[in-house]
Amino acid sequence: MDYRIEHDSMGEVKVPADKYWGAQTQRSKDNFKIGEGIETMPREITSAFGILKKAAAVANSKLRADKMTDDKLRAISKACDEVIDGTLNEHFPLVVWQTGSGTQSNMNANEVIANRANEILGDKLCHPNDDVNMSQSSNDTFPTAMSIAAVLGVEDRLFPALDELCSTFKRLESENEGVVKSGRTHLQDATPVTFSQEISGWRTSLEKDKRLLEAAMCELRELALGGTAVGTGLNAPKGFDAEVAKAVSEITGKQFVTAPNKFHALTSKDEIVFAHGALKALAADLMKIANDVRWLASGPRLGLGEIRIPENEPGSSIMPGKVNPTQCEAVTMVAVQVMGNDAAIGFAASQGNFELNVFMPVIIYNFIQSVRLLSDAMLSFNANCASGITANRDRMHDNLHNSLMLVTALNPYIGYENAAKTAKKAYAENISLKEACVSLGFLSEEEFDKVFKPEEMV
């Protein structure tokens with residue numbers, strides 16, 4: 001491999017000749033061989049750095065035109081666009097498990113953008129620290145990248161997947177309007193519901209989760225950029241924070257604002273804890289929905305069997321003909337992972353000491369993984385399971401009319417205790433509720449038929 005010599009404040013370093021990164025990136029790559037090749041810094045963060053570095057250059061060109069010249073702005077902006085669209089991904093090799101401030105990933109971005117900008121200019125005019133990192137510190141850029149990546153991930157990736165699943169549930173509600181089935185509480189028979197009502201509970205859970213996430217996005221839109229090292233804004237020109245937030249908004253097409261208190265923005269991660277709490281709520285609801293679906297589809301002969309789901313692949317290496325609810329299982333495993341991520345994020349966010357939290361890479365790594373997994377799981381579950389759900393109406397009818405909890409309809413006519421006696425007799429003697437009620441003398445056959453209408457109990 002061919003190398004070139006780069007230098008930083010600690011001396012010279014050999015760097016692969018075909019890579020844009022510099023000395024500080026190489027030192028990190030050499031010193032943190034932890035999860036290398038597997039747990040690199042998420043590309044969402046790499047892209048977010050491209051956005052914020054471009055925004056910073058725009059802001060500096062307005063406030064420090066003598067230093068951020070038009071030529072530098074043009075070259076840096078073009079290099080940042082290539083970072084944003086992923087063209088330069090191979091030049092961002094660093095792992096999550098590095099300095100807790102993300103300093104080395106900030107310098108990775110500075111070095112790549114500076115070297116690519118110089119290549120564009122055909123001259124070494126851009127310096128990683130003096131130009132690309134002008135008016136900034138790793139301590140305010142990394143939390144800014146976290147905010148940008150979190151907002152874009154939730155709004156551009158997770159919300160569309162969630163909306164798609166909600167749309168499927170709306171269609172299923174319409175298709176199953178008026179289909180009455182037995183309800184269940186405590187995994188025991190309960191009074192009737194319509195299948196559309198049951199599905200509406202799933203849909204509404206997801207819609208509420210989206211509203212919770214939308215509320216969380218408001219706080220995540222506050223950017224730390226402008227606080228520099230400890231929140232005082234040292235070495236940043238007056239108004240830089242507002243200008244850079246404006247530029248980020250223009251680049252992304254989404255509204256971002258400068259954080260009103262930079263001391264809080266650098267050290268506290270409460271906004272992302274709150275936002276991931278909403279992701280955990282979504283995971284909990286998806287766990288419930290997936291479990292409902294696999295319970296309802298259990299069988300095909302010895303389970304509930306009230307719905308049919310698509311048969312996508314063989315389910316057993318030894319039992320011929322077996323098909324399993326694999327999409328449901330994938331969703332529930334994702335939910336468990338998200339719940340684990342939530343615990344990690346909560347612990348990490350509690351470790352802000354004085355003016356800086358130094359657990360930021362692991363926080364955003366887990367947050368982005370949750371967004372990715374939930375988004376992909378919802379798309380997969382929707383396409384390969386939910387969209388193909390059909391009601392087994394005959395089984396629903398049989399189960400409904402075999403349910404002892406239909407006796408609840410008799411409460412107003414024979415009283416709770418007599419209704420309980422009726423249900424217990426029917427169960428003990430394996431007879432119908434009607435036979436039990438009449439034999440106990442509580443109602444005549446005609447009176448029973450007049451008041452006992454399961455389809456009207458919903």
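For this chain, numbers begin at 1 and follow the sequence in order. Just so it is clear, the model here is predicted, and its values are computed rather than measured.
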- Mind checking whether F169 and I289 have side chains closer than 4.5 Å, heavy atoms only? yes
- Are E313 and T326 linked by a side-chain donor-acceptor pair shorter than 3.5 Å? yes
- Task: Identify, with sequence neighbours excluded, every residue that meets side-chain contact (heavy atoms from CB on, under 4.5 Å) alongside V151.
- Result: E155, M217, L220, R221, K254, F256
- Item | Counterpart residues, side-chain contact (heavy atoms from CB on, under 4.5 Å), relative to R372 (two or more places apart) | P42, E44, R157, I368
- Would you verify whether the NZ or CZ of K269 falls within 45 degrees of the ring axis of F359 while also being under 6.0 Å from that six-membered ring's centre? no
- Residues two or more places apart in sequence or in another chain: which of them pass salt bridge (Lys or Arg N to Asp or Glu O under 4.0 Å) with D8? R27
- Message: Run R74 and D70 through salt bridge (Lys or Arg N to Asp or Glu O under 4.0 Å) and show every step you take.
- Response: CA-CA 6 Å; R74 175 180 59 82; D70 289 344; over 6 Å; no
- Task: Considering only NZ, NE, NH1 and NH2 on the basic side and carboxylate oxygens on the acidic side, decide whether E82 and K78 come within less than 4.0 Å.
- Result: yes
- Item | Distance-only donor-acceptor check, side chains K53 and N133, under 3.5 Å | yes
- Task: Decide whether Q104 and S28 meet the rule of one side-chain donor and one side-chain acceptor closer than 3.5 Å.
- Result: yes
- Within residues 175-190 or reaching into it, pairs that qualify as salt bridge (charged side-chain N to carboxylate O under 4.0 Å, His left out) - sequence neighbours excluded: R171-E175, K181-E198, K181-E306, R184-E306
- Query: In terms of side-chain geometry, is the basic nitrogen of R211 or E214 positioned less than 4.0 Å from the acidic oxygen of its partner?
  - Reply: no
- Query: Does a donor on one side chain sit under 3.5 Å from an acceptor on the other, for E329 and N324?
  - Reply: no
- Query: Taking only residues at least two apart or on different chains, which pairs with a member in residues 87-113 satisfy salt bridge (charged side-chain N to carboxylate O under 4.0 Å, His left out)?
  - Reply: K19-E90
- Query: Are side-chain N/O atoms of S135 and N60 paired as donor and acceptor at under 3.5 Å?
  - Reply: yes
- Salt-bridged, K210 to D163, with N to O below 4.0 Å? yes
- Strictly by modelled atom types, are N110 and H127 linked by a side-chain donor-acceptor pair under 3.5 Å? no
- Report yes if the distance between the aromatic ring centroids of W97 and F32 is under 6.0 Å, otherwise no. no
- Message: Quick one about Q337 and N341 (side-chain donor to acceptor, distance below 3.5 Å, no hydrogens or angles considered), yes or no?
- Response: yes
- Query: Taking atom types as modelled and ignoring hydrogens, do the side chains of Q136 and T228 form a donor-acceptor contact shorter than 3.5 angstrom?
  - Reply: no
- Considering residues at least two apart in sequence or located in another chain, which fulfil the salt bridge (Lys or Arg N to Asp or Glu O under 4.0 Å) criterion with E271? none
- Message: Given 3.5 Å as the limit, does a donor-acceptor pair link the side chain of S47 with the main chain of I84, or not?
- Response: yes
- From the list N139, T99, D140, T141, side-chain hydrogen bond (donor to acceptor under 3.5 Å, both in side chains) with N106 holds only for T141
- Query: In Å and rounded to the nearest 0.5 Å, what is the CZ to OG1 distance from R64 to T69?
  - Reply: 14.0 Å
